[in-house]
Amino acid sequence: MRILITGAAGFLGSHLTDRFLAEGHQVVGMDNFLTGARANIAHLAGNPRFEFIEHDVSKYIQVEGSVEGVLHFASPASPIDYLQHPIPTLKVGSLGTHNTLGLAKAKGARYLLASTSEVYGDPQVHPQPESYWGHVNPVGPRGVYDEAKRFAEAMTMAYHRYHGVQTRIVRIFNTYGPRMRAHDGRVVSNLVVQGLQGQPLTIYGDGSQTRSFCYVSDLVDGIFRLFFSDRVEPTNIGNPNEFTVLELAQLVREMLGVTAPIKHQPLPVDDPKVRRPDITIARTVLGWEPAIDLRQGLERTIGYFRTVLGR
Ligand code: NAD
Ligand code: UDP
């Protein structure tokens with residue numbers, strides 16, 4: 001298949017691109033480098049099955065030739081990124097989703113939207129099943145991301161219902177691994193980079209908030225299965241093992257063999273107190289579940305950041 005992947009120069013988009021290429025498909029990558037990096041796709045230069053188009057997907061998209069699949073991953077994803085780029089985040093979730101769906105409809109392509117656990121907001125149901133409608137503050141600082149993704153889900157379902165486009169929606173829970181930016185502000189990259197650089201580890205609030213961390217290869221495998229499945233309704237993909245942020249910091253310290261102090265900083269507005277996916281549907285419908293535990297995933301991630309930072 002010839003597949004368009006938006007956000008291909010980002011963390012997840014570049015790993016997905018690698019997976020589709022490894023399975024023998026052709027990939028057209030599209031990105032405007034807002035939060036991505038040329039380095040993430042540098043290894044694909046010269047691959048005859050990979051093309052790259054530098055383009056802002058919030059503007060009209062043109063791709064020559066046949067396209068059988070569209071995976072829409074373009075969007076700032078880290079809280080500091082979407083707080084720094086609130087309007088581009090709203091645009092890529094709304095206009096970018098509309099444009100990519102329009103392209104899928106015109107080409108007769110299957111479509112997959114990268115949605116997020118943020119559609120559940122600061123959840124009042126725990127763990128979060130797909131049937132939960134969420135608890136989102138639309139006008140808070142995170143609203144630019146959460147509401148853009150909720151709109152994107154609604155638009156995707158409308159293209160399915162009214163235009164018959166074959167659509168899939170993945171709700172991605174916190175994912176980490178090589179090719180995260182060292183300074184993207186997410187908790188795993190922050191703590192590992194701080195530990196490697198001998199700096200205090202920043203914990204927002206008292207560190208009792210929880211997250212469930214999925215290693216990138218597991219996530220990509222779940223998305224790959226979802227894309228080729230028949231499931232139209234949103235599907236959670238994430239690792240159900242839940243940790244407090246303080247537990248994560250302690251594990252990072254232990255694995256790096258450092259005694260860096262913890263530095264508490266204010267909790268960001270509307271920071272979810274708990275987050276853990278109910279993956280019953282992924283297990284039963286896709287036959288998927290994560291294989292890499294936090295310690296194994298952190299080992300690989302630490303190795304990556306050691307190389308990047310030269311430490
Ligand atoms: P990322 O910032 O590394 O990648 C996003 C990519 O999209 C970047 O390369 C950026 O330059 C590109 N981009 C942004 N706006 C664009 C535009 N208008 N036109 C073209 N390209 C544009 O982030 P990521 O972690 O790889 O996230 C990818 C997708 O997965 C996002 O849609 C995000 O919402 C979703 N997601 C990620 C996570 C996670 O834990 N990483 C969790 C939930 C959802
Ligand atoms: N966090 C933290 N220290 C950091 C970065 C993040 O304690 O240096 C916390 C953040 O407040 C949140 C959790 O870690 O409770 C996960 O944050 P992240 O930015 O990775 O993603 P989120 O799940 O909030 O989208």
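Each ligand, and each atom within it, is numbered from 1 in the order the structure gives. In this chain, residues are counted from 1 in sequence order. All values below come from the heavy atoms of this structure, side chains included, with hydrogens, waters and symmetry mates left out. Fair warning: this is a prediction, and the values are worked out from it, not measured in the lab.
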Look at atom 39 (C) of ligand 1 and find which of Arg181, Arg211, Arg186 reaches it with the closest heavy atom.
Arg186
One finds that the ligand 1 atoms under 4.0 Å from a non-hydrogen atom of Tyr145 are 33 (C), 34 (O), 36 (N), 43 (C), 44 (C)
Going by the order shown, which atoms of ligand 1 are within less than 4.0 Å of some heavy atom of Lys149?
31 (C), 32 (O), 33 (C), 34 (O)
Closer than 4.0 angstrom: is that true for some heavy atom of Ala9 and an atom of ligand 1?
yes
Determine whether Gln124 and Tyr132 make a side-chain contact, defined as any pair of heavy atoms from C-beta on separated by less than 4.5 Å.
yes
Below 4.0 Å from ligand 1: does a non-hydrogen atom of His55 turn up there or not?
yes
Under the side chain to side chain donor-acceptor pair (under 3.5 Å) test, residues paired with Arg300 that sit two or more places apart
none
Positive for side chain to side chain contact (heavy atoms under 4.5 Å, CB included) with Ile5, one of Thr17, Val28, Asp31
Thr17
The reported gap from CD in Gln26 to CE in Met1 (rounded to nearest 0.5 angstrom) is 11.5 Å
So do the side chains of Phe50 and Val27 get within less than 4.5 Å of each other, counting heavy atoms only?
yes
For ligand 1, is there an atom lying under 4.0 Å from some heavy atom of Ser58?
yes
Sub-4.0 Å atoms of ligand 1 with respect to non-hydrogen atoms of Gly36
8 (C), 9 (O), 10 (C), 11 (O)
If the test is side chain to side chain contact (heavy atoms under 4.5 Å, CB included), which one of Ile169, Thr167, Leu101 qualifies with His160?
Thr167
Quick check: Leu12 and ligand 1, any N/O pair under 3.5 Å apart?
yes
What do you reckon, does Asp31 have a nitrogen or oxygen under 3.5 Å from a nitrogen or oxygen of ligand 1?
yes
What part of Phe73 sits under 4.0 Å from ligand 1 if we count only heavy atoms: the side chain, the backbone, both or neither?
both
Contact check: Ser115 vs ligand 1, nitrogen or oxygen atoms, below 3.5 angstrom
no
Is it possible for you to check whether Arg181 lies under 6.0 Å from the centre of the six-membered ring of Phe11, through NZ or CZ, and within 45° of that ring's axis?
no
Salt bridge present between Arg186 and Asp81 (N-O < 4.0 angstrom):
no
For atom 40 (O) of ligand 1, what is the nearest protein heavy atom, given as residue, atom name and distance?
Thr175 N, 2.9 Å
Heavy-atom gap Tyr176 to ligand 1 smaller than 4.0 Å
no
Salt bridge or not for Arg19 and Glu23, using N-O below 4.0 Å?
yes
Any salt bridge linking Glu118 with Arg142? Criterion: basic side-chain nitrogen under 4.0 Å from a carboxylate oxygen.
yes
Which protein non-hydrogen atom lies closest to atom 2 (O) of ligand 1, naming both residue and atom, and how far is it?
Thr35 OG1, 2.6 Å
Tell me the protein heavy atom at minimum distance from atom 16 (C) of ligand 1, and give that distance in Å.
Asn32 OD1, 3.2 Å
Contact residues of ligand 2 (heavy atom under 4.0 Å), by chain and number
Pro79, Glu118, Arg142, Asn174, Gly185, Arg186, Val187, Asn190, Thr202, Ile203, Tyr204, Gln209, Arg211, Val245, Pro268, Asp271, Arg275
Among protein heavy atoms, which lies nearest atom 3 (O) of ligand 1, and at what distance?
Phe11 N, 2.9 Å
I'd like the name of whichever of Gly10, Pro76, Ala77 reaches closest to atom 23 (O) of ligand 1 through any heavy atom.
Ala77
Per-atom contacts, ligand 1 versus Asn174 - under 4.0 Å to a heavy atom:
40 (O)
Which pair of heavy atoms, one from Ile292 and one from Gly297, lies closest together, and at what distance?
CG2-N, 3.5 Å
Any heavy-atom pair between the side chains of Asp18 and Arg179 that's under 4.5 Å?
yes
Where is the tightest heavy-atom contact between Glu64 and Arg2, given as atom of each residue plus distance?
O-NH1, 2.8 Å
Step through the shown structure and confirm whether more than 12 heavy atoms of other residues, nucleotides or ligands are within 6.0 Å of CZ on Arg49.
yes
Could you tell me whether Met30 and ligand 1 have an N or O pair separated by under 3.5 Å?
no
Donor on one side chain, acceptor on other, Tyr111 and Thr100, under 3.5 Å:
yes
Would you call Ile53 and Gln62 a side-chain contact if the rule is heavy atoms closer than 4.5 Å?
no
Return the closest protein heavy atom for atom 42 (C) of ligand 1 as residue, atom name and distance.
Ile172 CG2, 3.5 Å
I need the atoms of ligand 1 closer than 4.0 Å to a non-hydrogen atom of Phe33, numbered in the order shown.
11 (O)
Is the Lys NZ or Arg CZ of Arg110 less than 6.0 Å from the centre of Phe227's six-membered ring, within 45° of the axis?
yes
Any N or O on Asp56 sitting closer than 3.5 Å to an N or O of ligand 1?
yes
Write out the residue and atom name of the closest protein heavy atom to atom 5 (C) of ligand 1, then the distance separating them to 0.1 Å.
Ser75 O, 3.3 Å
Checking a contact table here: which protein heavy atom is nearest atom 19 (N) of ligand 1, and how many Å away?
Val57 N, 3.0 Å
Does a side-chain N-to-carboxylate-O contact under 4.0 Å join Arg150 and Glu153?
no
